[in-house]
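Below is one structure, written out as structure tokens, with a few remarks after it.
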There are 2 protein chains.
Amino acid sequence: MESKGAALNKKQLQSEQTKRRVADAARALFVNKGYKATSIEDISEATGSSKGNIYYHFKSKEGLFLYLLDEWEQEWEVKWQENVSHYKTVTDKLYGFAKQMVLDDLNHPLSKAASEFFNHDEKPGDVEERIIEMVQGHLKFNQDLLQQGIDNGEFKAENIECLAIILESLVIGLSHMSRQLKLQNAIQLYQQAIKIYLYGIANPPH
Amino acid sequence: MESKGAALNKKQLQSEQTKRRVADAARALFVNKGYKATSIEDISEATGSSKGNIYYHFKSKEGLFLYLLDEWEQEWEVKWQENVSHYKTVTDKLYGFAKQMVLDDLNHPLSKAASEFFNHDEKPGDVEERIIEMVQGHLKFNQDLLQQGIDNGEFKAENIECLAIILESLVIGLSHMSRQLKLQNAIQLYQQAIKIYLYGIANPPH
DNA sequence: TATAATCCTGAACGAACGTTCAGTATAAAA
DNA sequence: TTTTATACTGAACGTTCGTTCAGGATTATA
């Protein structure tokens, strides 16, 4: 029940460090090998901790992965908040969105493991829920962005929910297709895609 | 080495029927349960054939799935050829493309199993190749379509390869996102998405 | 009829892997 | 110091599942 990173006794400190070590190693492995191909034993070997110890810190393999996804989204949010102030129009924001997306997807590519993870079945109910939550979060994010654009006249006022889903679809598809591309090409691809999307939803007098 | 479905002796006939039975049952199972969740034993039980017999007709589980994907794409192509004659402009073709896509994806949804399959690792080299071939085929298809639109002035003349990839991305993402939608909503979503895409690539005086 | 090719069976293999748990060590609390 | 909570170990479990294989049955071939 600590509020921040303060006043940890020896035991709590060690525990926290171990958890961090496991999380970091797991992240690297998931990124390189994918979700399924990374075994708990791999993580165990990479950290020096025992398998059992991993289960002491995380509920399950899926729980561990969700933990990493959470961290990833938080980092993403922080970066976004840093960048968003630099953009004036929502159009610019969308380009910035795409840029951060592609950089994030190709450098911190949990994304590959993530899409593998999402397409797995046999997910316990709570995991499924968590995933749905995430998608809803993304859609909300997109909707807010689009609403801004509509409010200030950049975009046509159309069915926002639909537009948000389409944007999300586009991004998912792009991250799928760009996996075998070089960074430069991926960036170009994302930009072009956003450009098309923007032309598609822009208010006629652009 | 027969050319068509003619002149089969009793043995060959039985063999072909068995293969068909296995393929059909496997297809139904993959559709309902997904790729990984469908075991060879499931297929064995559904057909009455033994596990070993399935391996007599198909190289492996993956080979069986690829066989089904091939069939699926062939059916798709046939339907497309039937429809394409009805459309005049390439714009209409793209709407028709989307329509067939969504109907196909939600009725014959190997698509769910397919995206699960694609995201699997541990694929032997030849399987990976086959998949890449398929993607290339799709891109080629898209490129041809776009080229037509450019030739007759419907679309702006831009980097076609890029546009083709973006279209493919959009479709992949849509099929991903629309999985939990009702058919009506999915159709609407696809149409709207294509509309945006078309606005994005259309020649200014539309 | 005899031999070979084809179709099919079903038990068994084997390897992977997430998860558990009884037990140990270390540090905090009493 | 004694007791209790926490951090960790590592062997073992259990289950799943794709794949193989020796052999039997059926049909074609010589």
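Just so you know, these numbers use all the heavy atoms, side chains as well, and skip hydrogens, waters and symmetry mates. To find a chain, count down the sequence lines: A is the first, B the second, and so on, and within it residues start at 1.
For B:Glu71 and B:Arg20, the salt-bridge test passes: some basic side-chain N is under 4.0 Å from an acidic carboxylate O. A salt bridge does not link A:Lys88 with A:Glu154: none of the charged nitrogens is closer than 4.0 Å to a carboxylate oxygen.
In the set D:dG18, C:dT19, D:dT9, the nucleotide with an atom closest to the side chain of A:Ser50 is D:dT9.
The phosphate of D:dC8 (OP1 or OP2) has a side-chain N or O of A:Thr18 nearer than 4.0 angstrom. OP1 and OP2 of C:dA28 both lie 4.0 Å or more from every side-chain N or O belonging to A:Lys11. Between B:Asn53 and the phosphate of C:dT9, there is a side-chain N or O to OP1/OP2 separation shorter than 4.0 Å. Contact check, A:Tyr56 against D:dA7: a side-chain N or O comes under 4.0 Å of OP1 or OP2.
B:Ile40 places its CD1 atom 16 Å from the P atom of D:dT16, with the value rounded to the nearest Å. Rounding to whole angstrom units, OH of residue B:Tyr55 and C1' of C:dT9 are separated by 15 Å. In this entry the distance linking CD of B:Gln12 with C1' of C:dC7 reads 12 Å, nearest Å. In this structure, the CG atom of A:Leu13 is 10 Å from the P atom of C:dA28, given to the nearest Å. One interatomic measurement links the two molecules: CD of B:Gln17 to P of D:dT27, which rounds to 13 Å at whole-angstrom precision. Across the protein-nucleic acid pair, A:Lys33 atom NZ and C:dA16 atom P stand 12 Å apart, rounded to whole Å. Atom-to-atom, CG of B:Asn9 to P of C:dA4 comes out at 19 Å; the value is rounded to the nearest Å. We find that CD of A:Glu41 is positioned 17 Å from P of C:dT20, with the value rounded to whole Å.
Contact annotation: side chain of B:Lys51 to base of C:dT9, donor-acceptor pair absent below 3.5 Å.
For A:Glu73, the CD atom counts as densely surrounded, since its 6.0 Å shell holds more than 12 non-hydrogen atoms of other residues, nucleotides or ligands.
For the side chain to side chain donor-acceptor pair (under 3.5 Å) with B:Glu77, the qualifying choice from B:Gln81, B:Lys79, B:Gln74 is B:Gln81, the only one to do so.
Nearest-nucleotide positions on DNA chain D place A:Lys19 closer to the 5' end than the other of A:Lys19 and B:Lys10.
As judged by a 4.0 angstrom heavy-atom cut-off over every strand, B:Thr38 is placed among residues touching the sugar-phosphate backbone only.
Between the B:Lys19 side chain and the B:Gln14 main chain, no donor and acceptor come within less than 3.5 Å of each other.
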